[in-house]
Amino acid sequence: MKALYEGKCKELFSTEINGELIQLFKDDTTAFDGKKHEVLANKGVLNCAISSFIFEKLHQSDIATHYIRREKNAEMRVHHLNMMPVEIVVRNVAAGSICRRLGLKEGSVLPRPLTELFYKSDELGDPLINEEHADMFGWANKEDVATMFKIALNVNQALCKLFNNVGIQLIDYKLEFGKTKDGSIVLGDEITPDACRLWDQITGKKLDKDVFRQDLGGLTEVYHEVASRLGVTVEMSS
Ligand SMILES: Nc1ncnc2c1ncn2[C@@H]1O[C@H](COP(=O)(O)OP(=O)(O)OP(=O)(O)O)[C@@H](O)[C@H]1O
Ligand SMILES: [Mg+2]
């Protein structure tokens with residue numbers, strides 16, 4: 001397979017089928033724009049299994065994604081998308097950057113789910129932007145942004161239900177979208193505890209990458225707990 005792109009946490013390969021890619025989830029774990037980096041055994045396979053499970057659930061809710069199927073180990077087969085250079089963050093509860101930015105108390109429940117737009121740029125630290133910036137600089141036009149926000153809110157309904165059923169509060173998460181050959185916008189990338197904040201509903205225990213950012217303990221143990229609660233089986237190498 002030919003490597004098309006290697007990012008911090010995933011690698012993309014072309015396949016024998018035109019328009020289909022393999023997305024490989026790596027064990028590499030980074031935080032603070034790559035300044036903190038560790039390789040954690042089995043993190044990739046856990047993320048691949050969790051993300052695959054979630055994309056399958058989204059398909060059951062009629063939400064279109066790039067997901068085709070889970071392959072062996074940490075590999076997922078996806079449709080090749082023309083990615084939009086923006087990220088959509090959905091927030092249900094205030095945590096992380098929005099608390100610093102707006103002076104909100106961490107853990108305060110927002111009046112309704114909030115969608116935010118960011119420009120994907122490592123050099124600039126993925127800055128918050130609005131629809132005007134996205135449109136003006138050609139990153140996504142207003143109609144595209146409206147479509148992504150609408151899909152993001154549908155994703156939110158499905159995900160809140162899914163996590164709520166297993167005693168997990170979905171605080172916030174990041175989504176990426178891309179366009180298919182026919183120009184329609186679908187959800188791409190990943191939905192994993194790397195890209196979400198997940199808190200235990202009763203104890204508030206963190207079950208996401210903040211465990212790594214804040215040195216709160218073993219990250220793969222926590223991801224394994226998320227997988228188990230969702231009923232996802234993962235074959236881990238010892
Ligand atoms: N279906 C898809 N088709 C093409 N590219 C995709 C698809 N899904 C995700 N991608 C892109 O693949 C890359 C995955 O790599 P990874 O997430 O490791 O990158 P990263 O180091 O986090 O950097 P980035 O800031 O680009 O996400 C991302 O750039 C993502 O936008
Ligand atoms: Mg990424």
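Start at 1 and go down the list; that is how both ligands and their atoms are numbered.
At a cut-off of 3.5 Å, with distance as the only test, a side-chain donor of D194 or N47 sits close to an acceptor on the other residue. There is no side-chain donor-acceptor pair under 3.5 Å between H37 and T29. Residues Q169 and N164 have side chains that never bring a donor and an acceptor to within less than 3.5 angstrom of each other. For the 3.5 Å distance criterion, the side chains of S97 and R91 qualify, holding a donor opposite an acceptor. Counting only N and O atoms by type, the side chains of E56 and Y67 include a donor and acceptor under 3.5 Å apart. Counted by atom type alone, N156 and Y173 present one or more donor-acceptor pairs between their side chains at under 3.5 Å. In this structure, a donor-acceptor pair under 3.5 Å is absent between the side chains of T147 and D144.
Nearest protein neighbour of atom 4 (C) of ligand 1, counting heavy atoms only, is L81 O, 3.3 Å. Nearest non-hydrogen protein atom to atom 22 (O) of ligand 1 is K8 NZ, 3.9 Å. Protein heavy atom at the shortest distance from atom 9 (C) of ligand 1 is D189 OD1, 3.3 Å. Closest protein heavy atom to atom 17 (O) of ligand 1: K10 NZ, 2.7 Å. Counting only heavy atoms of the protein, atom 19 (O) of ligand 1 lies nearest to G7 CA, 3.6 Å. At the top of the distance list for atom 25 (O) of ligand 1, counting protein heavy atoms only, stands K120 NZ, 3.3 Å.
Heavy atoms of K26 stay at 4.0 angstrom or farther from ligand 1.
Polar contact with ligand 1: present for Y5 (N/O pair, distance under 3.5 Å). Residue-to-ligand polar distances place H79 within reach of ligand 1: an N/O pair is separated by less than 3.5 Å. Checked by distance only, ligand 1 and L12 stay at 3.5 Å or farther apart across all their nitrogen or oxygen atoms.
Connection of F137 to L117 is established within a shared hydrophobic cluster, with ILVMFWY side chains joined at heavy-atom distances below 4.5 Å, either directly or through further cluster members.
Seen from the ring of F118, K174 does not count as a face-on cation partner, given the 6.0 Å and 45° thresholds.
Applying the 4.0 Å criterion to heavy atoms of E176 picks out, from ligand 1, the atoms 27 (O), 30 (C), 31 (O). Of all atoms in ligand 1, listed by their number and element, those nearer than 4.0 Å to a heavy atom of H80 are 3 (N), 4 (C). Distances below 4.0 Å separate heavy atoms of C9 from the following atoms of ligand 1: 18 (O). Within the listing of ligand 1, atoms 8 (N), 9 (C) sit less than 4.0 angstrom from a heavy atom of Q23.
H66 and F55 have their aromatic ring centers within a separation under 6.0 angstrom.
Only the side chain of L21 comes within contact range of ligand 1, with a heavy atom under 4.0 Å; no backbone atom does.
The heavy atom nearest to atom 6 (C) of ligand 1, considering only E190, E6, M83, E87, is found in M83.
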